[in-house]
Structures are given as C-alpha cells and as structure tokens.
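What's counted below: heavy atoms across the whole structure, side chains too, no hydrogens, waters or symmetry copies. Keep in mind the model is a prediction, meaning the values are calculated, not measured.
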There are 2 protein chains.
Amino acid sequence: MSRVRVLLADDEHLIRGALAALLGLEDDLEVVAEAASGPEALAMARAHRPDVAVLDLEMPGADGVMVATQIRAELPSCRTMIVTSHGRPGHLKRALTAGVRGFVPKTVSALRLAEIIRSVHAGNRYVDPELAADAISAGDSPLTVREAEVLGFAADGAPVAEIAERAALSQGTVRNYLSSAAAKLGAENRHTAVRLARERGWV
Amino acid sequence: MSRVRVLLADDEHLIRGALAALLGLEDDLEVVAEAASGPEALAMARAHRPDVAVLDLEMPGADGVMVATQIRAELPSCRTMIVTSHGRPGHLKRALTAGVRGFVPKTVSALRLAEIIRSVHAGNRYVDPELAADAISAGDSPLTVREAEVLGFAADGAPVAEIAERAALSQGTVRNYLSSAAAKLGAENRHTAVRLARERGWV
DNA sequence: TTCCTCCCCTGACATTTGTCATGTGCGGTG
DNA sequence: CACCGCACATGACAAATGTCAGGGGAGGAA
C-alpha cells in the first residue's frame, strides 16, 4: 500500500523540521516536500504533486489560504489543510470557502495531526471544535462591503483624508462608514474597531 | 557524563512535542519537563530544577522574559533561553537585561537549537545575528518614561480621557506626550505611533 | 553658584474625527 | 405598482485629538 504523500509548508524551520521528522516516523505518511514561504509551497506542490498539503496560515509571500486556493485550481486531487497558531474565526470561514478540508490549531499534538492528515486524505473534513465554536459564536461579519473596505484602509492608522482618497469617497462618507462599523462592532472608536475586526478575521 | 536537563515551554503543543522528541534524540540532552504557559513553566522549573530553560516568548499567563526573570531569581544555576517567532528588537534587549543567555528565532533548525542549548549550558551566550542587527539598527527607545507609559495605555485604542485617568494626568498632558512620542517615532498620529513602538518592542 | 538642558506638566487654540439628519437608488414583498 | 428596508453617499455640527507656548524642577557643565 502506498503511503500518503505530504507537503509541509511553514516559515518556522524549527517547527517544520521537527514536524517532518515526527510525521516521517508514521508508517503510512511520507513528507515529500517542505517549503518556507507561500510561493515556495506552490512551486513544491507543482513539482511533487502531494496527496495532502499542510499549510501554515501565516507565511511570507502568500498566506496559507491563498496557496490552498491556487493548489486546488492546479492540482484538484491534492487535499489542503491549514495549521495556525492563533485561529481567527474569519480565517476559518475564508479557508473553508477556498476548499480547505482541514483546519487545525498548533496546540494539537503531532500524533493527532497525523490522524487528521489521514482522515483528510480519506476524504473527510476536519475542523478543530474550539475554532468552529469561536467561528459560530462570532458569526458572519455584520459589516457591509464598503464598511469593511474602509476599515481595511484605516487599519494602519491612516488619517481620514488619505482613506477618502484611496477609496475615492468624500471624507464625510468615510467617517460615516468608520462610525457605523465601530457601532456594529461595539467599539468606542475606529481604532478599537480595527482591532476587533482583525481579531474576528473580518478585515 | 550526565546529560543536560532541559525545560521546554511553548503553548503550541505541535511545536513543543515535536521539539521534545527531536531534542530527546540527542545523546547529551534530556527534556525533563514541558509547559504550555508562563505559570506552568515556572512551576515546572521549581519542581524539576533544569539546567537550561527554553522559553517561548509568547505564552499565556506570563511571557518568556517574565518567566526567565523569575527563574533567575529562584534558580540562579539555571540558564534561560528565549525562542520566538517574530523577534522584536526591544524584546531582545529586555531579555538580555533580564539575564537571558540565548535568544533564537524559530526559523533555526532543531539541530542548530540543540547546539545552542549546549553552548548556553557551557556558559556562553548566543544571540541570533539577524535579530542582533535589527536591535542595533533600531537602537534604544527615544521615548521618555512617561511617553512610553502613556503610549502603552493608548495601545488598545482607549480615548484620551481614559488614559488620563489611568495615568493620573491631565488630558492636555496626555495629548502632549502622545504627540511628542508620535513625533519621535515619525508617525502621523498616535495610532501609527503605537504600531511602530510595538514593532520595535518599545512598549 | 549660575547657566543650560531636558523632562514633566498644564491650558488655550486649531485641526481632525465622530454623529446626525437627510437624500438617492436598488431589490424584494404585499 | 406602491411600499419597505437597506446599502450607499453627503455636508453640517459637536466632540475628541493634536499642536503650541510656556512654567517648574532636577541634574550636569562652566
């Protein structure tokens, strides 16, 4: 019986290497490629055509979900999974929409991860119960398209004038969107609103 | 010859477990305790009196530097090291001031980490060259004590009135500190100032 | 000592930001 | 069709924020 061919992508060498070693100990798993960045992960996937791609959410170049989307487009037979340190509800939704079949926090053990890889390879889906609960309780973004867009522009602390220019809106309108977004998020001002929206993965 | 007794603290089980396994393969290293939070790390240190404590910088409860400080106070013979995902210059300085003897990003390999653990145990210090360079180029914080304090209170987006109350200052004074801090950091407003100060580890 | 510099602190003034009332147009419902 | 609700958009006004000029005190240099 052939082993499950796994691609491992994580920018932290310490984790990637250790993980590769541990997963390699499993009889039925085989780590065929490793990558330290989004683009590299994609290139490795093309070159090695793995059965399952295990992708870190935070990577330089392109994040895990972007890579997963691309992989699905180019290698439909390859299942994708996301592992992440600090799971934001919005990311989970984004990942599932992108066709990711496993979403796991880094707080699980390597043994458990191996089981999940097998399960995903067998065609099942797996979402960490804790993260799923968070996502459900956080619910969908209450923000409208424009609100989210403007909040995004405000994310790095830019003044309203600059946001207005970038969004091609009047300053009054921008202030309005920021205000309503803050109200929906229960924030006192736009800066805490940005923080909250980030935490929930809505920007 | 007795082996180096290592304490491993990291809230990500995936990493901690994998790392424990890999370090355990080294003949001269022995992982005698693991912890998933700051307080737990401290308790484990007290109970097992390791030779070297390898601490993650970001942990729930108390961060790696706090734990290191405490360990040094209670177990002077125990060397401490910090590993971190995203090294901020200020943290490095804070760590060194706290008597930490190794500061390593998670981008190194497990093998390299093992070498560094040995080196630290032998009495040497080790600081990742990249992080050291960052720290040097970032330099010392130009902020005065009050400026840093007020900027810290402003970090979560609180309005000036609240900051003034928490810092027991007039609102005018608070605005003044925020303003001068922003100027020193080259920021347009206090929110970008907060971001920059965070990046450099000055808050 | 005297001077100088820098940190700490403040209120008054100008600018930016947040709130409100209002208007337009689209998509679904009775 | 007429109506309702909602997203999108705006300017005027009120509130929060940033800037400025300046005073008091500690510490170091002349």
Side-chain angles (χ1 to χ4, degrees), chain A residues 90 93-94 97 138-203, chain B residues 90 93-94 97 138-203:
Chain A
K93 187 178 184 195
R94 200 161 64 91
T97 310
D140 263 14
S141 170
L143 304 177
T144 68
V145 177
R146 280 291 183 292
E147 283 165 357
E149 181 189 345
V150 169
L151 205 56
F153 283 133
D156 54 356
V160 171
E162 192 181 321
I163 301 171
E165 193 176 359
R166 285 207 270 174
L169 286 174
S170 119
Q171 298 200 7
T173 308
V174 168
R175 286 199 287 271
N176 217 216
Y177 284 144
L178 291 173
S179 181
S180 66
K184 284 178 181 174
L185 297 174
E188 288 275 313
N189 55 47
R190 64 173 151 138
H191 302 286
T192 59
V194 165
R195 190 167 49 77
L196 290 172
R198 261 200 218 289
E199 284 172 10
R200 293 168 171 63
W202 290 338
V203 290
Chain B
K93 186 177 185 197
R94 198 160 64 91
T97 310
D140 262 16
S141 170
L143 304 177
T144 68
V145 176
R146 280 292 183 290
E147 283 164 356
E149 181 189 345
V150 169
L151 205 57
F153 283 132
D156 54 354
V160 171
E162 191 181 321
I163 301 171
E165 193 175 359
R166 286 206 270 174
L169 287 175
S170 119
Q171 300 200 4
T173 308
V174 169
R175 285 199 286 271
N176 218 214
Y177 284 145
L178 291 174
S179 182
S180 66
K184 285 178 181 175
L185 298 175
E188 288 276 313
N189 55 48
R190 63 172 151 140
H191 303 284
T192 58
V194 165
R195 190 166 50 77
L196 290 172
R198 260 202 219 286
E199 284 172 10
R200 293 167 171 65
W202 289 339
V203 290

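Shown for residues 149-171 of chain B: residues whose heavy atoms fall under 4.0 angstrom of DNA chain C, namely B:Leu169, B:Ser170.
Looking only at side-chain heavy atoms (C-beta outward), A:Val174 and A:Phe153 stay at 4.5 Å or farther from each other. For the pair A:Leu185 and A:Trp202, the minimum side-chain heavy-atom distance is below 4.5 Å. Annotation: side chain of B:Lys184 is in contact with side chain of B:Glu147 (closest heavy-atom distance under 4.5 Å). Side-chain contact between A:Arg195 and A:Thr192 is present, with at least one heavy-atom pair separated by less than 4.5 Å.
Put simply, CG on A:Asn189 is 9 Å from P on C:dT19, counting in whole angstrom units. Atom pair B:Arg190:CZ and C:dT17:C1' shows a separation of 11 Å (rounding to whole Å applied). Atom-to-atom, CD of B:Glu147 to P of C:dC8 comes out at 7 Å; the value is rounded to the nearest Å. In this structure, A:Arg146 atom CZ and D:dA7 atom P are separated by 13 Å, rounded to whole Å. A straight line from CG of B:Leu185 to P of D:dG18 spans 13 Å, rounded to a whole angstrom. Computed from coordinates, the A:Tyr177 OH to D:dA7 P distance equals 10 Å when rounded to whole Å.
Contacts of B:Thr173 with the nucleic acid, taken as non-hydrogen atoms under 4.0 Å apart, include base atoms.
Across every non-hydrogen atom of B:Ala154 and B:Leu178, the tightest pair is CB-CD2, 4.0 Å. Taking every heavy atom of both residues into account, B:Glu149 and B:Ala167 meet most closely at OE2-CB, 4.3 Å. Residues B:Ala197 and B:Leu151 approach most closely at CB-CD2, 3.7 Å, considering heavy atoms.
Within a 6.0 Å radius of CZ in A:Arg198, other residues, nucleotides and ligands contribute 12 heavy atoms or fewer.
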* Per-nucleotide protein contact string for nucleotides 19-24 of chain D, where B marks a base within reach and S marks sugar-phosphate only (heavy atoms under 4.0 Å, - for neither) -> BBB---
